[in-house]
Asks: 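Structure below; questions to follow.
Just so we're on the same page: letters track the sequence lines, and every chain starts at 1.
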Amino acid sequence: MSIRLYDTATREVRDFVPLEEGRVGVYVCGLTVQSEPHVGHVRSAVNFDVLRRWLTHRGFAVDFIRNVTDIDDKILTKAEVQGRPWYNLAYDMKRELDRAYAALNVLPPTYEPAATGHVPEMVALIEQLIAKGHAYAAEDGTGDVFFDVRSWPGYGALTHQRIEDMEAAEDADPRGKRDPRDFALWKGRKSTEPETASWPSPWGPGRPGWHIECSAMAGKYLGQAFDIHGGGVDLRFPHHENELAQSRAAGHGFAAYWMHNAWITTAGEKMSKSLGNSLLIPAVLERFRGIELRYYMVAAHYRSTVEFSFEALGEAAVAFRRIEAFVERAADAVGGLPEPGIACADFVQAMDDDLGTPAAVAAIHEVVREGNKLLAGGDGPALRGNLASVLAMLDVLGLHPADPAWGEEKGDDRMAAVVEALVSGLLQQRAEARAEKDFATADAIRDRLKEAGVEITDTPDGQKWSLA
RNA sequence: GGUGGGUUGGCCGAGAGGCGAGGCAACGGACUGCAAAUCCGUGUACACGGGUUCAAAUCCCGUACCCACCUCCA
């Protein structure tokens with residue numbers, strides 16, 4: 001069975017057939033680095049990271065490009081308000097973003113092109129569009145260049161809208177536009193804007209419009225035609241529609257599949273910078289581990305809206321710890337963590353079906369239950385295979401507990417040694433008390449340790465303890 | 001006005017014509033000195049009203065409510 005993916009353009013789940021056998025080119029719209037990343041941003045990254053990992057798992061060589069928009073109106077205005085250079089703001093936020101990605105075990109893309117590094121490519125593409133009669137330089141002397149929406153019959157194809165039905169943008173300032181829906185490919189420099197934010201072009205100094213960057217960069221790194229283009233649902237229109245129009249008008253095949261992830265909402269509304277209801281990543285990570293947040297995201301389907309709440313995140317964390325605890329116990333029993341093995345059939349089937357991560361997660365839980373039974377039976381080889389399978393599935397979802405991405409256990413070795421000594425001393429006393437059936441004393445010790453945050457469990461192999 | 005998406009048990013969250021995903025919580029049972037963990041078991045869920053069908057949470061029609069996009073936005 002092959003991988004099937006939901007394609008926004010055709011509005012159906014269809015078989016994924018790569019343009020070139022064994023190879024997949026994926027372009028995902030990254031962020032405009034104008035402020036700190038919130039949970040929603042990271043969801044998009046996690047969703048597409050899972051796509052990438054699954055494609056890789058299925059044997060494809062994946063070229064994964066995720067861009068960074070490091071120049072745009074907002075960056076300029078925010079930087080001005082903050083009284084610092086725009087490139088400093090963008091760079092700072094880019095580093096924040098990298099930290100957030102790393103905290104969630106989002107793999108670095110094959111390459112992460114920045115808009116400012118690809119102005120010549122964009123200029124070349126705009127020139128092509130002008131030559132083909134799909135773009136024009138405004139005649140008002142602003143230096144703006146617009147895409148001529150009316151010149152491209154396919155405009156609206158991605159989101160199935162007719163130009164006539166679209167509300168004209170109100171911001172316009174129709175300036176030099178022939179049609180209010182025409183969008184900027186190039187923005188002539190305004191006298192109020194810093195000189196550092198402009199580049200030379202045939203139309204005078206200026207900077208690229210938002211949409212053209214992705215067309216130019218996708219073309220540069222993935223070729224004129226590539227397999228999958230992804231991003232958040234809000235990008236369908238106008239961003240992706242515009243990208244598609246530009247690229248096709250320039251004669252490029254562009255993306256064969258369009259994938260869009262849904263929102264994480266808070267109080268029923270989408271989380272967004274402009275609404276000011278963003279839940280920033282560091283704030284969440286103060287309460288939950290990155291791996292738990294990632295599990296929470298992966299446990300829902302990428303096309304479903306997730307109403308974020310700490311309660312739900314807490315439940316997800318408990319569910320994940322169940323898996324994690326099994327991995328620990330099983331590894332203990334088998335004498336270490338085996339290499340990831342073979343994912344179970346249900347898991348594969350779920351993932352092949354438009355990245356059905358919820359069903360995939362359910363499959364993991366089933367295997368864990370089997371594993372827990374094996375654990376009780378002490379069946380070595382079977383348990384080992386079972387654990388290896390669980391690890392393989394977790395790995396595909398980016399949830400392998402031992403993945404170095406989650407970082408080393410932080411802590412002071414000397415302090416740990418002291419704690420170990422103190423706790424084992426108490427456990428020794430408790431064991432003696434229990435041997436003498438002095439349960440009052442035994443329970444008192446257990447309670448005291450629990451208050452200190454140490455959880456004791458009695459197992460056939462004696463007492464085990466862990467930090468609660 | 002146009003275009004999409006949604007409404008599932010106490011909660012989260014899948015599914016998309018027939019066998020009740022999975023998790024959390026709850027309640028029983030096994031195990032345990034008691035716990036914890038684990039295992040086994042327990043739920044008359046699919047917004048509302050009609051319809052199609054032998055069979056509908058799933059298809060059709062209608063209604064209500066919610067969300068998103070059409071302006072920067074994952």
Asks: Students often get this wrong, so: under 4.0 angstrom with heavy atoms, is A:Ala319 touching a base, only sugar-phosphate, or nothing?
Replies: sugar-phosphate
Asks: Tell me whether the OP1 or OP2 atom of B:C40 has a side-chain N or O from A:Arg369 closer than 4.0 Å.
Replies: yes
Asks: Answer yes or no: does a side-chain N or O of A:His41 lie under 4.0 Å from OP1 or OP2 of B:A74?
Replies: yes
Asks: Ignoring hydrogens and geometry beyond distance, is a side-chain donor-acceptor pair present between A:Thr457 and A:Gln463 at under 3.5 Å?
Replies: no
Asks: I'd like the C1' distance from B:G51 over to B:A56, given in whole Å.
Replies: 11 Å
Asks: What is the distance from CG of A:Leu383 to C1' of B:U38, rounded to the nearest Å?
Replies: 13 Å
Asks: Under 4.0 Å: is that the gap between some side-chain N or O of A:Arg322 and OP1 or OP2 of B:C39?
Replies: yes
Asks: Answer yes or no: side-chain N or O of A:Arg446 and base N or O of B:A35 forming a donor-acceptor pair under 3.5 Å.
Replies: yes
Asks: Less than 3.5 Å apart, any donor N or O on the side chain of A:Tyr221 or A:His118 sitting next to an acceptor on the other?
Replies: yes
Asks: Carefully, step by step, assess A:Glu455 and A:Arg321 under the rule salt bridge (charged side-chain N to carboxylate O under 4.0 Å, His left out).
Replies: CA-CA 14 Å; A:Glu455 199 88 54; A:Arg321 283 179 209 139; over 6 Å; no
Asks: Indicate, with a heavy-atom threshold strictly under 4.0 Å, whether A:Arg43 touches base, sugar-phosphate, or nothing.
Replies: nothing
Asks: Which part of the nucleic acid does A:His301 contact within heavy-atom distance under 4.0 Å: base, sugar-phosphate only, or nothing?
Replies: sugar-phosphate
Asks: Mind checking A:Gly231 for me? I need base, sugar-phosphate or nothing, with any heavy atom below 4.0 Å counting as a touch.
Replies: sugar-phosphate
Asks: At 4.0 Å (heavy atoms only), tell me whether A:Ile456 reaches a base, stays on the sugar-phosphate, or touches nothing.
Replies: base
Asks: Would you mind reading off the distance between A:Gln161 atom CD and B:G1 atom P, rounded to a whole angstrom?
Replies: 16 Å
Asks: Take the protein atom CG of A:Asn372 and the nucleotide atom C1' of B:G22, then report the distance between them rounded to whole Å.
Replies: 15 Å
Asks: Are any of A:Lys373's side-chain N or O atoms less than 4.0 Å away from OP1 or OP2 of B:C40?
Replies: yes
Asks: Give a yes/no answer on whether the side chain of A:Arg11 brings an N or O atom under 4.0 Å of OP1 or OP2 in B:G4.
Replies: yes
Asks: Measure CG/A:Asn67 against P/B:A74 and give the value in whole Å, please.
Replies: 10 Å
Asks: Roughly how many Å is it from NE2 in A:His160 to P in B:C70, rounded to a whole number?
Replies: 18 Å
Asks: Give one of base, sugar-phosphate or nothing for A:Ser304, where a contact means two heavy atoms less than 4.0 Å apart.
Replies: sugar-phosphate
Asks: Closest-nucleotide mapping onto RNA chain B: is A:Ser44 or A:Ala363 further toward the 5' terminus? I mean the 5' end.
Replies: A:Ala363
Asks: Does A:Lys74 contact B:C72 through a side-chain donor or acceptor facing the base, at a distance under 3.5 Å?
Replies: yes
Asks: Quick one: label A:Arg434 by what it contacts on the DNA or RNA (base, sugar-phosphate, nothing), any heavy atom closer than 4.0 Å.
Replies: base
Asks: May I ask you to verify whether the side chain of A:Asp234 and the base of B:C72 hold a donor-acceptor pair under 3.5 Å?
Replies: no
Asks: How close or far is atom P of B:U38 from atom CD1 of A:Ile323, stated in whole angstroms?
Replies: 12 Å
Asks: Less than 6.0 angstrom separating the ring centers of A:His229 and A:Phe254, yes or no?
Replies: yes
